[in-house]
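The block underneath contains the structure these notes are about, expressed in structure tokens.
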Protein chains: 2
Amino acid sequence: MLDRIDRRILGLLQQDCSLTNVQLAEQVGLSPPACLKRVRRLTDQGYIDKRVALLVPERFGPSLHMVVEVEMVSDQRHVNEAFANRVRASAEVKQCYRVTGEVDFVLIVMVSDMSAYEAFCERVLYAEPNMKKFRTLISMRREKFDTAIDVDRS
Amino acid sequence: MLDRIDRRILGLLQQDCSLTNVQLAEQVGLSPPACLKRVRRLTDQGYIDKRVALLVPERFGPSLHMVVEVEMVSDQRHVNEAFANRVRASAEVKQCYRVTGEVDFVLIVMVSDMSAYEAFCERVLYAEPNMKKFRTLISMRREKFDTAIDVDRS
DNA sequence: CGTGAAATATGTATCGT
DNA sequence: ACGATACATATTTCACG
């Protein structure tokens, strides 16, 4: 499926995709066309989702990260699917995890200040009829944010 | 500081940085050299951290996301700094938020299975003398993962 | 900021292993 | 099937107005 060179390519690209294909080819020891063919194949076969620029939040004014644990009234799938959709459409919500146990959803919400967070709670959380309760953990500091995954395991 | 075109550039690049400079220039209505100069300036001035390829986790075998709430014994800063450093050096930990309240840290940990998670707990959490207790929320489904930030606010 | 030209990179075709 | 070389096309990047 994926050989050592493919993994090396993916590892490098998820560290830094501003590498030119020539540089990438050099790093993995292939000719540029051979390297390009692999990258194209990895993209076509759905290993690479997309390439994005990661910005530095601090440069855009103060911001808060909220970790929000949401408990729903019922675990009915279609009802919670509706909530998941609202959350996906909500710009403040950067991540949403569906978890098992008492809590049903964990959200990572990014806002510029408390009033923006209150507005979000009104618009998304309190507006959801199936929402039972939620707990907010306030973070003023993101210590680590790494988008790379372990590519040496499949 | 940042004008409308800068914000437009940043907005586009954090959606998709595989755009060529020619395409980007076209979208924002500038000549390629003018656009390139802005991108370089935005990078040099620290608005852009890096460009990365986001991979599709499902293509690399099963994986679990753990939301881990960690409570420390003492809030002594230098002690918790040591823990933050361990966490930063730990490959399984993709994100770490320092939060206020009972809980001190929230980690997003990505592992292939439960035994990998147990190994992580032993190596990082139980090994930390200042760790009082932690709670794990297990997620088998990441509903949303958006690395883009709101660029229209500073 | 735009134009045009030079330097690089990307992408294609073909051949060889 | 996969990679290398050579060549054509496109992009990046610099100098100048």
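Lettering of chains follows the sequences in order, A, B, ..., and the numbering in each one begins at 1. The model shown is predicted, which means the values in this text are computed figures rather than measured ones.
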Quantify the bending of the helix from C:dC1-D:dG17 to C:dT17-D:dA1 as the angle between its end axes, each fitted on five pairs, to 10°. 30°
Is it true that B:R51 and A:D16 make a salt bridge, defined as a side-chain N closer than 4.0 Å to a carboxylate O? no
Taking any atom under 4.0 angstrom from a heavy atom of chain B, which nucleotides of DNA chain C are the first and last to qualify, 5' to 3'? C:dC1 to C:dG4
Around atom CD of A:Q45, are there more than 12 heavy atoms of other residues, nucleotides or ligands at under 6.0 Å? yes
What do you reckon, are the aromatic ring centroids of B:Y47 and A:F60 less than 6.0 Å apart? yes
With a 4.0 Å cutoff (strictly under), does any side-chain N or O of A:R38 reach OP1 or OP2 of D:dG3? yes
Should the ring pair A:Y97 and B:H65 be called parallel, tilted or perpendicular, given that the plane angle runs from 0 to 90° and is split at 30 and 60? tilted
Does anything in residues 11-32 of chain B come within less than 4.0 Å of DNA chain C? Heavy atoms only, and list the residues if so. B:L30, B:S31
Starting at CD1 of A:I9, measure out to CG of A:N21 and round the result to the nearest 0.5 Å. 8.5 Å
pair A:E102-A:E71: side-chain heavy atoms closer than 4.5 Å: yes
Whole angstrom is fine here: how far is it from CG in A:D6 over to C1' in D:dG3? 13 Å
With a cut-off of 6.0 Å (strictly less than), are more than 12 heavy atoms of other residues, nucleotides or ligands near CD of A:E81? yes
